[in-house]
Amino acid sequence: MTISTLASGFLLTDEKDASRYTLHRDGQLVSVLDYRDDGRTIALTRAFTIPTFRGHGYAGVVVEGAVADIIARGDRKVDAVCWYVADWFAAHPEHAGLLRVR
């Protein structure tokens with residue numbers, strides 16, 4: 001498990017055993033990003049925000065944190081399977097080099 005503290009009371013955790021990143025704010029789970037890792041590529045398969053916390057941009061925060069973690073590791077490409085993740089990459093072309101070429 002890898003834990004990163006983000007600004008504004010956010011805590012991003014890579015729960016490797018569950019193949020997901022979780023985002024907590026002030027101790028409450030607010031968003032989850034599921035993935036599959038085959039050793040070369042991390043397929044980001046589903047971004048989900050707990051319904052009571054929707055509309056605050058938390059899915060974007062969890063995706064941004066996961067991308068930063070993947071970049072820091074430097075040994076994986078990303079397959080944006082989830083539509084939200086694909087839209088996030090389209091809005092952040094500076095990270096396009098991280099995407100797996102199909």
Side-chain angles (χ1 to χ4, degrees):
M1 182 181 323
T2 304
I3 299 173
S4 301
T5 302
L6 306 173
S8 304
F10 287 110
L11 184 66
L12 179 74
T13 305
D14 180 2
E15 297 179 357
K16 291 176 179 34
D17 291 343
S19 297
R20 69 184 194 164
Y21 285 91
T22 58
L23 182 69
H24 289 79
R25 180 154 194 200
D26 299 327
Q28 291 189 301
L29 178 66
V30 295
S31 194
V32 175
L33 177 62
D34 295 326
Y35 66 83
R36 287 187 319 266
D37 185 348
D38 69 5
R40 295 180 317 273
T41 303
I42 295 180
L44 301 178
T45 59
R46 183 182 74 128
F48 178 79
T49 299
I50 305 304
T52 56
F53 296 107
R54 290 183 180 158
H56 299 282
Y58 295 139
V61 175
V62 75
V63 172
E64 183 176 359
V67 167
D69 183 55
I70 295 164
I71 289 169
R73 289 171 47 184
D75 62 350
R76 303 281 194 281
K77 289 290 189 178
V78 169
D79 190 2
V81 175
C82 170
W83 69 267
Y84 184 89
V85 174
D87 285 355
W88 187 93
F89 272 97
H92 296 87
E94 68 275 17
H95 296 300
L98 190 60
L99 292 170
R100 177 180 68 93
V101 177
R102 296 179 186 204

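Numbers for residues simply follow the sequence, beginning at 1. Below, all heavy atoms of this structure are taken into account, side chains as well, without hydrogens, waters or symmetry copies.
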Among all residues two or more places apart in sequence or in another chain, which pass the side-chain contact (heavy atoms from CB on, under 4.5 Å) test with [X]?
X     : result
Ala18 : Glu15, Arg20
Asp17 : none
Asp87 : Trp83
Arg54 : Phe48, Thr49, Pro51

ask   = Would you call the rings of His95 and His92 parallel, tilted or perpendicular, where under 30° means parallel and over 60° means perpendicular?
value = tilted
Side chain Lys77, main chain Gly97, donor-acceptor under 3.5 Å: yes
side-chain contact (heavy atoms from CB on, under 4.5 Å) test vs Leu29 passes for just one of Thr13, Thr22, Leu11, namely Thr22
- Would you kindly confirm whether Ile50 and Tyr21 end up in one hydrophobic cluster when ILVMFWY residues are joined by side chain heavy atoms under 4.5 Å apart? yes
- Query: Do Leu99 and Ile71 share a hydrophobic cluster (ILVMFWY, side-chain heavy atoms under 4.5 Å, transitive)?
  - Reply: yes
Exactly one of Thr45, Asp79, Asp14, Thr41 clears side-chain hydrogen bond (donor to acceptor under 3.5 Å, both in side chains) with Tyr35, and that residue is Asp14
Residues 55-67 side chain polar contacts: donor-acceptor under 3.5 Å, at least two apart:
{"from": "Tyr58", "atom 1": "OH", "to": "Arg25", "atom 2": "NH1", "distance (Å)": "3.4"}

Rounding to 0.5 Å, atoms CG (Leu12) and NE2 (His24) come to a distance of 10.5 Å
Salt bridge (charged side-chain N to carboxylate O under 4.0 Å, His left out) filter on Asp34, not counting sequence neighbours, yields Arg46
* Asked: Considering only heavy atoms from C-beta outward, does the side chain of Arg73 approach that of Ile42 to under 4.5 Å?
  -> yes
*Could you check if a side-chain atom of Trp88 sits within less than 4.5 angstrom of a side-chain atom of Leu44, using non-hydrogen atoms only?*
no
Heavy-atom closest pair (Cys82 atom, Ala47 atom, distance to 0.1 Å) is SG-N, 3.5 Å
